Protein chains: 2
Amino acid sequence: MDPMPQVPDYRPLYQQVRDLLRRRIVDGTWRPDEVLPSEGRLAAELGVSQGTVRKALDEMAAQKLVVRRQGRGTFVAAHSPDTTLFHFFHMVDRAGERQVPESELLDCRRGIAGPAETEALQLMPGAMVLRIDRRRMIGGAPAIVERIAVPQALFPDLDVLEEDGLPNTLYDLYQKRYGVTVGRATERLRAVAATAEDADHLGVEPGAPLLEIERIARDLDDGPVEWRLSRCLTDRLAYLSELT
Amino acid sequence: MDPMPQVPDYRPLYQQVRDLLRRRIVDGTWRPDEVLPSEGRLAAELGVSQGTVRKALDEMAAQKLVVRRQGRGTFVAAHSPDTTLFHFFHMVDRAGERQVPESELLDCRRGIAGPAETEALQLMPGAMVLRIDRRRMIGGAPAIVERIAVPQALFPDLDVLEEDGLPNTLYDLYQKRYGVTVGRATERLRAVAATAEDADHLGVEPGAPLLEIERIARDLDDGPVEWRLSRCLTDRLAYLSELT
DNA sequence: CAGTGGTCTAGACCACTTA
DNA sequence: AAGTGGTCTAGACCACTGA
């Protein structure tokens with residue numbers, strides 16, 4: 001598959017193929033929603049059997065890096081409001097139904113990264129970040145307040161865009177406008193007491209228990225691209241976690 | 001693979017094989033930690049190719065129903081304290097390290113299922129449950145109080161066993177002593193205010209914010225086998241959720 | 001209709017484990 | 001050395017899609 005590798009690679013062929021195809025997606029050779037060459041073509045190009053390409057693509061599909069559609073082809077996975085909500089928004093109502101929140105912008109401005117942001121986003125000291133404060137409503141009632149911080153270097157004009165109104169789901173915007181694909185995220189959940197400001201936005205008493213969700217979202221190369229701190233009312237909603 | 005199926009099955013062969021093997025594990029034909037027949041033997045027995053059996057077993061391995069060990073064979077997955085903690089205990093410290101909690105039994109008694117238990121465990125009205133109240137310590141300090149409720153029908157003498165001290169991880173006990181394998185669980189997280197009793201056990205003020213985790217654990221047939229309500233101090237710990 | 005991914009097969013060889 | 005799962009190949013046929 002590679003006539004003159006600089007460093008001989010003794011890993012199984014299908015893993016080499018998988019990582020090569022993955023690299024091409026990350027590099028932008030094929031962009032989100034684009035179709036990859038067929039299994040047969042890739043096999044011929046790389047000099048391996050179709051079964052080996054298939055095994056590589058199957059693993060990438062399991063990892064949601066590509067989507068396979070019988071009769072049509074294999075496509076680079078793209079975020080959409082639906083997939084974003086499904087994967088990254090875990091609040092459900094009493095009946096266990098996933099609720100779609102509305103967003104209300106509170107504030108959006110640039111600033112120098114604080115210690116927590118520098119640490120979470122692995123920035124150089126003094127780097128600039130954009131901060132977005134939002135309130136999110138479920139069924140018209142305030143449910144969540146959140147602070148989102150992203151490196152300004154990755155999203156140079158996100159704050160200008162704000163004038164036109166930010167979309168409810170940001171990850172498809174990150175992907176389509178800035179070429180930043182969120183591949184995975186880590187969330188840490190804690191219970192905290194509402195600050196005076198939280199209480200004001202959510203319509204509760206200061207000191208009321210809130211579910212705090214701290215999220216670090218990473219791109220396909222595992223670099224941090226977003227730090228997010230959400231505080232949620234959990235009288236009508238709960239965070240759903242499936243252990244399988 | 002089946003010469004006279006009562007109802008013709010048009011699903012792919014490997015899915016039929018997968019479900020048949022799965023059925024045998026659930027039925028106890030092969031018990032936890034036992035080795036299955038080799039791929040070749042299964043293929044011959046079922047009249048399919050080895051590749052088809054392989055695809056079925058690979059899916060079961062991805063689902064953690066079996067464990068494959070090169071050179072040795074394919075084994076029915078079994079719980080151990082380690083796998084249980086890794087899969088079902090998500091509290092981590094500030095550094096992101098998973099912490100192993102100690103357990104201190106507070107109470108253990110039988111009772112008639114209340115409405116919440118009847119609902120969660122899908123019991124008949126008036127059915128008996130066993131309730132276990134525990135306090136869990138991290139590094140010697142109280143961190144969690146929890147109530148566990150299980151149908152008495154499934155674990156007839158669990159409360160008698162308590163005299164010898166319950167193990168720290170219950171799921172391997174459920175499996176080895178009662179033949180009940182927990183295959184998956186659903187958790188709902190909320191923020192609540194500590195009751196006077198919570199506060200007493202955890203050494204905080206009443207009203208302090210606690211992370212409440214409500215878990216329903218299910219067996220391999222998806223029937224509920226345990227209902228658990230944990231309340232956690234999150235000053236030193238956080239609930240870790242990986243979104244991939 | 002041609003082209004795609006999905007299934008199934010048969011066989012070769014490799015890597016690892018146990019005896 | 002024998003037996004296991006892991007990799008890789010080649011080829012057949014099926015199911016689905018879109019021109």
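Remember, predicted model here, so these are calculated numbers, not experimental data. Each chain gets a letter, A, B and so on, in the order the sequences are listed, and its residues count up from 1.
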Sequence neighbours excluded, which residues qualify as salt bridge (Lys or Arg N to Asp or Glu O under 4.0 Å) partners of [X]?
X	result
Arg11(A)	Asp9(A), Asp19(A)
Glu187(B)	Arg215(B)
Glu146(A)	Arg134(A), Arg136(A), Arg228(A)
Glu104(B)	Arg135(B)

Could you tell me whether the phosphate oxygens of [N], OP1 or OP2, come under 4.0 Å of any side-chain nitrogen or oxygen in [X]?
X	N	result
Arg68(A)	dG6(C)	yes
Lys55(B)	dT7(C)	yes
Thr74(B)	dT4(D)	no

One character per nucleotide, please: for nucleotides 9-19 of chain D, 5' to 3', B when the base has a protein heavy atom closer than 4.0 Å, S when only the sugar-phosphate does, - otherwise.
BS----BBBS-
According to side-chain hydrogen bond (donor to acceptor under 3.5 Å, both in side chains), does anything in residues 55-67 of chain B pair up with another residue at least two apart or in another chain? List the pairs.
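Listed by first then second residue: Arg18(B)-Glu59(B), Asp58(B)-Arg68(B).
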For Asp33(A), all residues meeting side-chain hydrogen bond (donor to acceptor under 3.5 Å, both in side chains), sequence neighbours excluded:
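Asp33(A) satisfies side-chain hydrogen bond (donor to acceptor under 3.5 Å, both in side chains) with no other residue.
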Under the side-chain hydrogen bond (donor to acceptor under 3.5 Å, both in side chains) rule, collect the residues that match up with Arg98(B), sequence neighbours excluded.
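For Arg98(B) there are no side-chain hydrogen bond (donor to acceptor under 3.5 Å, both in side chains) partners, ignoring immediate neighbours.
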For [X] and [N], give me the distance from atom [atom1] to atom [atom2], rounded to whole Å.
X	N	atom1	atom2	value
Tyr14(A)	dA15(C)	OH	C1'	13 Å
Tyr10(B)	dT7(C)	OH	P	18 Å
Arg11(A)	dA15(C)	CZ	P	16 Å

Check ion pair Glu45(A)-Arg24(A) (N to O, under 4.0 angstrom)
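The answer is yes: the pair qualifies as a salt bridge.
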Does anything in residues 26-43 of chain B come within less than 4.0 Å of DNA chain C? Heavy atoms only, and list the residues if so.
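Output list: empty, so none.
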Within the 4.0 Å heavy-atom criterion, would you say Arg54(A) contacts the bases, only the backbone, or no part of the nucleic acid?
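Arg54(A): base contact, heavy atoms under 4.0 Å.
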